[in-house]
Amino acid sequence: VAPARKRRRRHRSPTRRAENRLAFFLLLPAVAIYGAFMLAPFAASIYYSLTDWDGVEKVKHFVGIDNFTAMLHDPRVSGALLHNLVFVVAGTLLTMSIGVLLAVLLWGQPAFGSFYRLVFFIPFTLPVIVVGIVWSWIYNPLFGSLNSGLGSVGLTSLEKGWLGDAGTALPSLVVAQTWALVGFVVVIVLAGLQNVDPDLVDASQIDGARWINRLKDVILPQIAPVITMVTALIISFGFQTFDIVFVTTNGGPGTSTEVLGTYAYHAAFRQNEVGYGTALSLVMTVLSIAAAVGFVGIRDRQHRHG
Amino acid sequence: MASTGAGARRRRVRSPRRLAVAAGRQAILIAVAAIFLFPILLIISTALKSPIDALLDPFGVFTSWHPANFVDAWTLGGFGHYFWTTVEITLPTVGLVVAVSVPAGYALARLHVPGRRSLYYLFIAGLMVPFFAVMIPLFYELKGMGLIGSIWGVILPGVAGVQGFGIPLGVFLMRSFFVDLPDELSEAARIDGSSELSVFLRIMLPLSWPGVSILVVFVFFQSWNTFLLPLLYLPGAEHQTLATGVYEFSTGRTRETALLAAGALIMIVPVLLVFLAFQRRVVRGMLAGAVKG
């Protein structure tokens, strides 16, 4: 009741018009920049995707949803989508399981805990370009640390050019991406764990519940909202994968690591298929948002029923 | 409270089973930490290689000591130039995001604005929109404005938040910050006859630094590390940033790995220093974003 009364009083006040004018000037710069460089190109994206523009012609020919139907018959699209799904599914599972495990290990202040947390988080602060470069050194066929490590334990037969081999390039990139993202999960989940009641966990320990059950039944349900949000973010990162592929394999060898992002880039900026490239990036946008929102929705329903 | 906590911890350590658990935990943590640190040590060791060692064993860890690489990377490698270009882009980006988000966040939190709620959602929707949704048309828009090849072609989209953060994060953080400030502060000033503008400038603005500092750190990270914006909108050799400079160097014909590693370190160190200085704030900001957003 109180806030409503206050608002009504404000309405009648003589300073109301001054307030409106001030609000206008305070909002104007943000609205102008955001509108010009975010909303306008987003609207243009939808328009471009309905044309067959090549980036040069004066006129943009309207082709309806042709670009989108063409995708259904484009084997590079299904291939790229599959690679995105590998990043989404394998990448998310790896990142989340390692991240949650490390966070739980760091929970309850073990010795050197803040040092470990820092070490796990540093990769996340690195620019992706540097992540790509250092991992391509590790995977280097001639001098790479992975091959020399395998050689030194007698597994010479497993040595290979990890990023140059169509069979190993994609999993190798997923590992590099996981290294870069785990710290993000650790820090967020660890912060979520600060709100977990330690007494509950101790009680279950007396019951003799095994460690993994304790994690699954007592700890994780309490930080479920945090886990859901982080997972949704990692899923949408998976659909938006670009930099790590672009700077290491650029989609190769062949198209074995091509994702929707790199394909859209090549279509628009290398092959002048601006309309098609824009349509591809819109599909990617929709997939990444829908997957994240859908995941949150499913988790919500589980919680209400479970 | 503190003494019981310490007592509990001491008791825990004494039990042999607890001790075994703690040791096992440390063993796992050390092993994983070693794996996580290795790529970073690899960059440092490669950056310190003498020219001969870099040819014979470029990725052997700490096999030579040649710190002059940093000087060469800064001068011959062009990373000094890339560094200053990155500064020229990052500072205005951070400054502009703060300068426009703080007033906008304040207006959306504290002032009567018609359609205030929809406007707020329109802003934070930008946090969900990936760069690809605007990447291609933005190129032609900037080209039409004559901004391709100018640092403003990277700054303005960065401020708008096309690669994440930017104005959407700024409005989100600052609005939630101003919403949480108690009403009594501004009401008292209004009763004293202060105008709305002076309530904002004299009472609210000085209180906003905790929120602003989180925003500064996040936008700094984003802007410093951004790769696609300069790659697409800032072509040409004269305006390379550290990100595009490192990329060009790694794909170029010169295979001077040691200089590349030194350049990568020149790029990373400012980020790490800022992170170390603001660690707590970064974590708090990320948590706020992950839980609310």
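Letters A, B, ... mirror the listed sequences (proteins, then strands); counts begin at 1.
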TODO: Return the option, out of A:Gly113, A:Ser281, A:Ala32, with the maximum number of heavy-atom pairs under 4.5 Å with chain B.
DONE: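 The option with the most such pairs is A:Ser281.
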Task: When A:Gly55, A:Ser49, A:Gly192, A:Ser136 are compared by non-hydrogen pairs under 4.5 Å with chain B, the top option - done: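 Most pairs with chain B among the choices: A:Gly55.
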Ring centroid separation for [X] and [Y], is it under 6.0 angstrom?
X: B:Phe275; Y: A:Phe121; value: yes
X: A:Phe246; Y: B:Tyr247; value: yes
X: B:Phe132; Y: A:Tyr265; value: no
X: B:Phe38; Y: A:Trp179; value: no

So what's closer than 4.5 Å to chain B heavy atoms on [X]: side chain, backbone, both or neither?
X: A:Ile33; value: both
X: A:Leu190; value: neither
X: A:Ser288; value: side chain
X: A:Val131; value: neither
X: A:Leu280; value: neither
X: A:Leu126; value: both
X: A:Met38; value: both

TODO: Against chain A, work out which of B:Asn225, B:Thr244, B:Leu265 has the most heavy-atom pairs shorter than 4.5 Å and name it.
DONE: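 Top option by heavy-atom pairs under 4.5 Å: B:Asn225.
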Open item on the list: For B:Met267, which atoms come within 4.5 Å of any heavy atom of chain A: side chain, backbone, both, or neither?
Closed with: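 The answer is the side chain of B:Met267.
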Open item on the list: Please classify the contact of B:Leu156 with chain A as side chain, backbone, both or neither, using a heavy-atom distance under 4.5 Å.
Closed with: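 Both parts, heavy atoms under 4.5 Å.
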Polar side-chain atom of [X] near backbone of [Y] as donor-acceptor pair, under 3.5 Å:
X: B:Glu196; Y: A:Leu22; answer: no
X: A:Tyr34; Y: B:Gly126; answer: yes
X: A:Glu19; Y: B:His112; answer: yes

- [ ] Side-chain contact test, heavy atoms from C-beta onward, threshold under 4.5 Å: evaluate it for B:Leu29 versus A:Pro110 and give yes or no.
- [x]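 Heavy-atom side-chain distance check passes, below 4.5 Å.
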- [ ] Report yes if some heavy atom in the side chain of B:Met128 is under 4.5 Å from a heavy atom in the side chain of A:Val293; otherwise report no.
- [x]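 Touching, per the 4.5 Å side-chain cut-off.
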- [ ] Check the angle between the aromatic planes of A:Phe269 and B:Phe139 and answer parallel, tilted or perpendicular using the 30° and 60° thresholds.
- [x]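 Ring orientation, 0 to 90° scale: perpendicular.
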